[in-house]
Amino acid sequence: MVNENPFLGPSEQLLNTVNNYKIAGGIEGQFQEAFHYRAGINVSRFNQLHFFVNSLADSARFEIVYDDKSTVFNINAELGFRFNEVYTLGSRLDLYQYDLNAQSEPWHRPLWEVRVNNQFTPFEKLLVQANVNFMGGLKGRGAPSIAAVFPTEYEVINLKTIADLQLKADFKITDRFSVFAEGNNILNGKNTRWLNYPVRGIQLIGGASFKF
């Protein structure tokens, strides 16, 4: 749970999430030998599906809440392209719909995701990657509404769409020694994956690796 949300604080209980069943189907194929495609749909039923919400006692911490009977619908599509050993493209779209019983919203779970991964090898020793990730439909749980009839009616906070551009380059000087440079959030977006925790701006990392 902490690996999924590093801002998780104490929770009243920790329960197993049970996946009762998953029904999936789709199509897959390729054309012109360079393109690969896949499209599918799946339906999953869960007991005690977990969500993360801001604690009412400390809004800087998160706690776990559960939905006792949940159905998750997912529509996905993938498209890939490969040009010899020089260039590879991989992309995926996911759309989600949640049918919940105890929770009013799928707190901090996305309604859609788009991922595009590019890998370019202009020559043998150099590898360049450019990845773009989008995520939208995230909702955070605020404090109970003043006009709420029931104490379980909370303010729903719509988080902005996340757009993250990542660039990375690896250069192998020898079989044992290589250098790399990496940039995250190149668009300098004020992305907020978790309510009250916007990510850092542009992040640049550089270094070297050596194999013994």
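All residue numbers refer to positions in the sequence shown, counting from 1. Quick note: numbers below take in every heavy atom, side chains included, and nothing from hydrogens, waters or symmetry partners.
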Identify whether F171 and F210 are in the same connected component of the hydrophobic contact network (ILVMFWY, side-chain heavy atoms under 4.5 Å).
yes
Taking the six-membered ring of F51 as reference, does the cationic atom of R109 (NZ for Lys, CZ for Arg) lie under 6.0 Å from its centre and within 45° of its axis?
yes
Any side-chain heavy atom of I173 within less than 4.5 Å of one from V179?
yes
Between T121 and F123, is there a donor-acceptor pair closer than 3.5 Å when you use the side chain of the first and the backbone of the second?
no
Is there side-chain contact between R193 and M135, with at least one heavy-atom pair below 4.5 Å?
yes
Within this structure, what is the CD1-OG distance for the pair I23 and S44, rounded to the nearest 0.5 Å?
8.5 Å
Is the backbone N or O of F7 less than 3.5 Å from a side-chain atom of N5, with the two atoms forming a donor-acceptor pair by type?
yes
In the single-linkage hydrophobic clustering (I, L, V, M, F, W, Y; side-chain heavy atoms under 4.5 Å), do W112 and L79 co-cluster?
yes
Would you call E4 and H50 a side-chain contact if the rule is heavy atoms closer than 4.5 Å?
yes
About how many Å separate CG of L49 and CG of L100, when rounded to the nearest 0.5 Å?
7.5 Å
Residues pairing under salt bridge (Lys or Arg N to Asp or Glu O under 4.0 Å) where one sits in residues 50-68, two or more places apart or in two chains, turn out to be E63-R141
Nearest non-hydrogen partners of N42 and A24, listed with the distance:
CB-CB, 3.6 Å
Can you list the steps and then say if D164 with N133 is a side chain to side chain donor-acceptor pair (under 3.5 Å)?
CA-CA 5 Å; D164 184 17; N133 300 307; 4.7 Å; no
Hey, are the side chains of E113 and Y96 touching, using non-hydrogen atoms and a 4.5 Å cut-off?
yes
Nearest 0.5 Å, what's the CG-CG distance between N54 and L195?
4.5 Å
Rounded to the nearest 0.5 Å, what separation is found between the CG atom of L93 and the CZ atom of F134?
12.0 Å
State whether the side chain of D94 and the backbone N or O of N76 hold a donor-acceptor pair below 3.5 Å, judged by distance alone.
no
What pairs of residues pass the ring pair (Phe, Tyr, Trp, His ring centres under 6.0 Å) test when at least one of them lies in residues 62-95, not counting sequence neighbours?
F35-F81, F62-H108, F62-W194
With the side chain counted from C-beta on, respond yes when Q129 and N118 share a heavy-atom pair under 4.5 Å apart, and no when they do not.
no
Kindly determine whether R92 and V114 satisfy side-chain contact (heavy atoms from CB on, under 4.5 Å), including the steps that lead there.
CA-CA 6 Å; R92 181 181 172 96; V114 176; over 6 Å; no
Just verifying a value: how many Å separate S178 OG and K211 NZ, rounded to the nearest 0.5 Å?
7.0 Å
Pair H36, E78 - check side chain to side chain donor-acceptor pair (under 3.5 Å), show working.
CA-CA 8 Å; H36 173 266; E78 298 180 14; 5.4 Å; no
Stepwise side-chain contact (heavy atoms from CB on, under 4.5 Å) test for V65 and Q103
CA-CA 8 Å; V65 295; Q103 300 297 323; 3.7 Å; yes
Same cluster or not: are I157 and L56 linked, directly or through other Ile, Leu, Val, Met, Phe, Trp or Tyr residues, by side-chain heavy atoms under 4.5 angstrom apart?
no
Linked, directly or transitively: I75 and L111 (ILVMFWY side chains, under 4.5 Å)
yes
State which residue, out of T88, L126, V86, L89, fulfils the side-chain contact (heavy atoms from CB on, under 4.5 Å) condition with F120.
V86
So, does D170 use its side chain to make a donor-acceptor pair with the main chain of V128 at under 3.5 Å?
no
Non-hydrogen side-chain atoms of L8 and I64 separated by less than 4.5 Å
yes
Relative to each other, are the rings of F31 and Y37 parallel, tilted or perpendicular (30° and 60° limits)?
tilted
NZ-NZ distance between K172 and K125, expressed to the nearest 0.5 angstrom
9.0 Å
Pairs flagged by salt bridge (Lys or Arg N to Asp or Glu O under 4.0 Å) wherever residues 17-35 is involved - sequence neighbours left out
none
Between the main-chain N or O of R45 and the side-chain N or O of N19, is there a donor-acceptor pair closer than 3.5 Å?
yes
My understanding is that only one of N158, T161, I162 makes a side-chain contact (heavy atoms from CB on, under 4.5 Å) with L138; could you say which?
I162
Is there side-chain contact between F52 and M1, with heavy atoms separated by less than 4.5 Å?
yes
N196 side chain near S59 side chain, heavy-atom distance below 4.5 Å
yes
Any donor-acceptor pair under 3.5 Å linking the side chain of N185 with the backbone of R200?
yes
Look at the side-chain heavy atoms of Ile, Leu, Val, Met, Phe, Trp and Tyr, link any pair under 4.5 Å apart, and say whether I41 and F46 land in one connected group.
yes
